[in-house]
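Encoded as structure tokens, the structure appears first; notes follow it.
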Amino acid sequence: DQQVKQNSPSLSVQEGRISILNCDYTNSMFDYFLWYKKYPAEGPTFLISISSIKDKNEDGRFTVFLNKSAKHLSLHIVPSQPGDSAVYFCAASAGVQGAQKLVFGQGTRLTINP
Amino acid sequence: NAGVTQTPKFRVLKTGQSMTLLCAQDMNHEYMYWYRQDPGMGLRLIHYSVGEGTTAKGEVPDGYNVSRLKKQNFLLGLESAAPSQTSVYFCASGKSGGVYNEQFFGPGTRLTVL
């Protein structure tokens, strides 16, 4: 049973437009959510995160929205740039203290077209 | 600062052979993690460690053993490799203390078991 799901394997967006990546989760015990970005032949790199006590977190061109009642979060990238082309993973964690045992979604491959 | 490094980058094994994957971090992080990533799936936690000399099971620990003899190193062992262990393996490290610290990932080891 997959607790974190990214239902869109791929997304294609024109440069300069908004990219919206979606993620759904089933475990109500998750209280922290993260987005990681991954280029080919590299490890994932942290992008942005949000605590369950918030509904929005913004960092430059990246904004994450959390809808707890729907168990849904989304990552908005505005404006999209060619360097944003990568695989994006949504991840979730439960518990405040100690090691973070992250549960990842399957990933969404974002392609930004010039 | 090299961050998180992994050795080797690639390896091909025959069924039944054994090997050890090495992860090293130079950020003085307390927590270290081993994940595997399979096609169409997100990263799944194999084992993790909250400090030198301690290890714990993650989501998919069967067939793997780990050791953390030194704070900066986290070893993942396969005693008798199986084709189902063909995967890309990522190591990560993270700080302790505070709340929800990000994990820093290595570049990965691509393992093929024939």
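In what follows, chains carry the letters A, B, and so on, assigned in the order in which the sequence lines appear, proteins first and then strands, with residues in each chain numbered from 1.
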Bottom line for B:Tyr35: the part with an atom under 4.5 Å from chain A's heavy atoms is side chain
Does anything in residues 78-88 of chain B get under 4.5 Å of chain A by heavy atoms, and if so which residues?
-> none
Derivation of the side chain to side chain donor-acceptor pair (under 3.5 Å) call for A:Asn113 and A:Gln14 | CA-CA 5 Å; A:Asn113 302 306; A:Gln14 196 167 2; over 6 Å; no
Salt bridge between B:Asp62 and B:Lys57, side-chain N to carboxylate O under 4.0 Å?
-> no
Chain B shares the most heavy-atom pairs under 4.5 Å, among A:Lys38, A:Gln6, A:Gln2, with A:Lys38
Check ion pair B:Arg44-B:Asp38 (N to O, under 4.0 angstrom) | yes
Salt bridge or not for A:Lys101 and B:Glu59, using N-O below 4.0 Å?
-> no
May I ask you to decide if the ring planes of B:Trp34 and B:Phe74 are parallel, tilted or perpendicular, using 30° and 60° as cut-offs?
-> tilted
Verify the distance criterion only: is there a donor paired with an acceptor across the side chains of A:Ser19 and A:Ser80 at less than 3.5 Å?
-> yes
Could you list all the ring pair (Phe, Tyr, Trp, His ring centres under 6.0 Å) pairs where at least one residue sits in residues 41-73 of chain B, not counting sequence neighbours?
-> B:Tyr64-B:Tyr89
With a 4.5 Å heavy-atom cut-off, do A:Phe65 and A:Leu75 have their side chains touching?
-> no
For A:His72, which residues count as a ring-ring contact (aromatic ring centres under 6.0 Å, His included) partner, sequence neighbours excluded?
-> none
Residues in residues 2-24 of chain B near chain A [non-hydrogen atoms, under 4.5 Å] = none
So B:Phe105 and A:Tyr36, would you call those rings parallel, tilted or perpendicular, with 30° and 60° as cut-offs?
-> perpendicular
Chain A interface, residue from B:Gly106, B:Pro107, B:Ser49 that has the most non-hydrogen pairs under 4.5 Å = B:Pro107
